[in-house]
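A quick note: this is a predicted structure, and the numbers were derived from the prediction, not measured.
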Amino acid sequence: MKRGVDDLALFGGPEAFMQTLYVGRPNIGDRARFFDRLDWALDNQWLTNGGPLVREFEERVAEVAGVRNCIATCNATAALQLLVRAADLSGEVIMPSLTFAATAHAVRWLGLDPVFCDIDPATGCMDPKLVQELVTPRTTAIFGVHLWGRPCAVDELEKVAADNGLKLFFDAAHALGCTHDGRRVGGFGNAEVFSFHATKVVNAFEGGAIVTDDDGLARRVRALHNFGFSHEGVPEEAGTNAKMSEAAAAMGLTSLDAFETAIARNLENYECYRAEFAELAGVTVVGFDKRQRNNYQYVIVEIDEQVTGIHRDLLLEVLRAENVVGQRYFSPACHQRPPYRDAVRAPLPHTEWLADRVLALPTGTTVSREDIRRVSDIVQIAAGNGAQVTSRWLQREQRTA
Ligand SMILES: *Cc1c(COP(=O)(O)O)cnc(C)c1O
């Protein structure tokens, strides 16, 4: 056990972990069940093209989301692009900058302009009042992001969309199984998109899904994701190929079987981190509304450098030296990086403030209580002696420069 700054691996102490601890290790579920499903697909030689496993996966995701329609896709980025096409969007799409790059990429890839909107610093999600201010004659849609599984201000965004005749979609990549005022994520706006990438709480190796109660939109998305083929197998318009394969669905179903277990473990981990950091000034675990359901997929801590004396980035280095790989979700924000640096229309002070202090810590079914205790010890030593850690680090940097 580490007692002080001298014990930190960054300053020559022994590493706390032999095996590296990561954010977003896959939740695989029952491996035997996965191979059974895969065997079934191989035995029946039905590997793709809307096979039984994909259809079952779509039904189960629609059930989780509480919606009528689900179209499974090869990933969430393609799903977002399908929505742009299926809804005939053009011009500008208003979205947050504090998100994974794919939200902006999906729009830019199709020749539209993402327009970044600042967030409410209390939630990390877009501020609906600011969305209204960014609407121009070129605006055709709003893309909300349920950051870290915290639902956006959906009612207010629905009002802004309706007032301005805009489509409203949600990037719900983090928000499978979450609720807002008792309503399930999946049914908000015109449609929502989930990701089943390997790092997400439910994975299909790679995968995504569009969920919606708009039957017409669903029909068009389904056609477009399969070369534009209609029900009868005639190509009606130029589509793409964004289908999910049966192998991916086999993993998706198996991971879904384990979803409730994963949520329970994530919640335990989250409570454990919260207890560990309860007395630590300047380190705050981002909270979730207890009346809502969440999947607790991410444990996000905010590091206040003014209070701790250590910046988030140096704390990441401290952890990395101990073989703990945290993530800057999502820093730098989209508008702070090259492809979107020129796309800023209005200042984004709250986005920049939050992006500068957030850190995702390892959680998930592979992270034990003991792991969390040891990660927390490291954070406590580093943040509890932040000024000392920072000055020792700077001295060392100067010597090696
Ligand atoms: C992971 C993620 C995506 C991309 O999902 P893919 O399935 O990898 O394409 C999009 N948006 C957000 C917010 C994400 O976290």
task: Assess the pair His174 and Phe288: is the distance between their ring centroids shorter than 6.0 Å?
output: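 So the answer is no for these two rings.
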- prompt: Between Tyr340 and His105, does the ring centre distance come in under 6.0 Å?
  reply: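 Ring centroids of Tyr340 and His105 are less than 6.0 Å from each other.
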message: Holding to side-chain hydrogen bond (donor to acceptor under 3.5 Å, both in side chains), I want the full list of residues that pass it with His197, two or more places apart in sequence or in another chain.
response: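 Partners of His197 under the side-chain hydrogen bond (donor to acceptor under 3.5 Å, both in side chains) test: Thr199.
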message: Tell me every residue that passes side-chain hydrogen bond (donor to acceptor under 3.5 Å, both in side chains) with Thr179, counting only those two or more places apart in sequence or in another chain.
response: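 Once residues adjacent in sequence are excluded, the partners of Thr179 under the side-chain hydrogen bond (donor to acceptor under 3.5 Å, both in side chains) criterion are Gln292.
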What side chain to side chain donor-acceptor pair (under 3.5 Å) pairs are there with at least one residue in [range], not counting sequence neighbours?
range: residues 306-322; value: Lys2-Glu322, His311-Asp356, Arg312-Ser331, Asp313-Arg328
range: residues 120-132; value: Gln132-Asn164
range: residues 10-34; value: Glu15-Asn323, Asn27-Thr365

query: In terms of heavy-atom contacts, does NZ of Lys200 have more than 12 from other residues, nucleotides or ligands at under 6.0 Å?
result: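 Result for NZ/Lys200: enclosed.
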task: Would you indicate whether Glu397, at its atom CD, is surrounded by more than 12 heavy atoms from other residues, nucleotides or ligands within a distance under 6.0 Å?
output: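 Result for CD/Glu397: enclosed.
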message: Between Asp257 and Arg37, does any NZ, NE, NH1 or NH2 come within less than 4.0 Å of an OD or OE carboxylate oxygen?
response: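 Salt bridge present between Arg37 and Asp257.
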Can I get a per-line list of side-chain donor-acceptor pairs under 3.5 Å for residues 357-364, giving both atom names and the distance, sequence neighbours left out?
unit_1 : atom_1 : unit_2 : atom_2 : d
Arg357 : NE     : Glu302 : OE1    : 3.3
Arg357 : NH2    : Glu302 : OE1    : 3.4
Thr363 : OG1    : Asn269 : ND2    : 3.0

Going by side chain to side chain contact (heavy atoms under 4.5 Å, CB included), name the residues that satisfy it together with [X], two or more places apart in sequence or in a different chain.
X: Glu352; value: His335, Gln336
X: Met18; value: none
X: Pro52; value: Trp40, Trp46, Arg55, Glu246

Which pairs would a plain distance check flag for residues 64-77, meaning a side-chain donor or acceptor within less than 3.5 Å of a matching protein atom at least two apart in sequence or in another chain?
unit_1 : atom_1 : unit_2 : atom_2 : d
Arg68  : NE     : Asp215 : OD1    : 3.1
Arg68  : NH2    : Asp213 : O      : 2.5
Arg68  : NH2    : Asp215 : OD1    : 3.3
Asn69  : ND2    : Thr212 : O      : 3.0
Asn69  : ND2    : Asp215 : OD1    : 2.9
Thr73  : OG1    : Asn75  : O      : 2.8
Thr73  : OG1    : Gly208 : O      : 3.3
Asn75  : OD1    : Thr77  : N      : 3.0
Asn75  : OD1    : Ala78  : N      : 2.6

query: Quick one: salt bridge (Lys or Arg N to Asp or Glu O under 4.0 Å) partners of Glu237, sequence neighbours excluded?
result: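 With neighbours one apart ignored, the set is Arg220.
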message: I'd like to check the salt bridge (Lys or Arg N to Asp or Glu O under 4.0 Å) partners of Arg222; sequence neighbours left out, ordered by chain and number.
response: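 Once residues adjacent in sequence are excluded, the partners of Arg222 under the salt bridge (Lys or Arg N to Asp or Glu O under 4.0 Å) criterion are Glu58.
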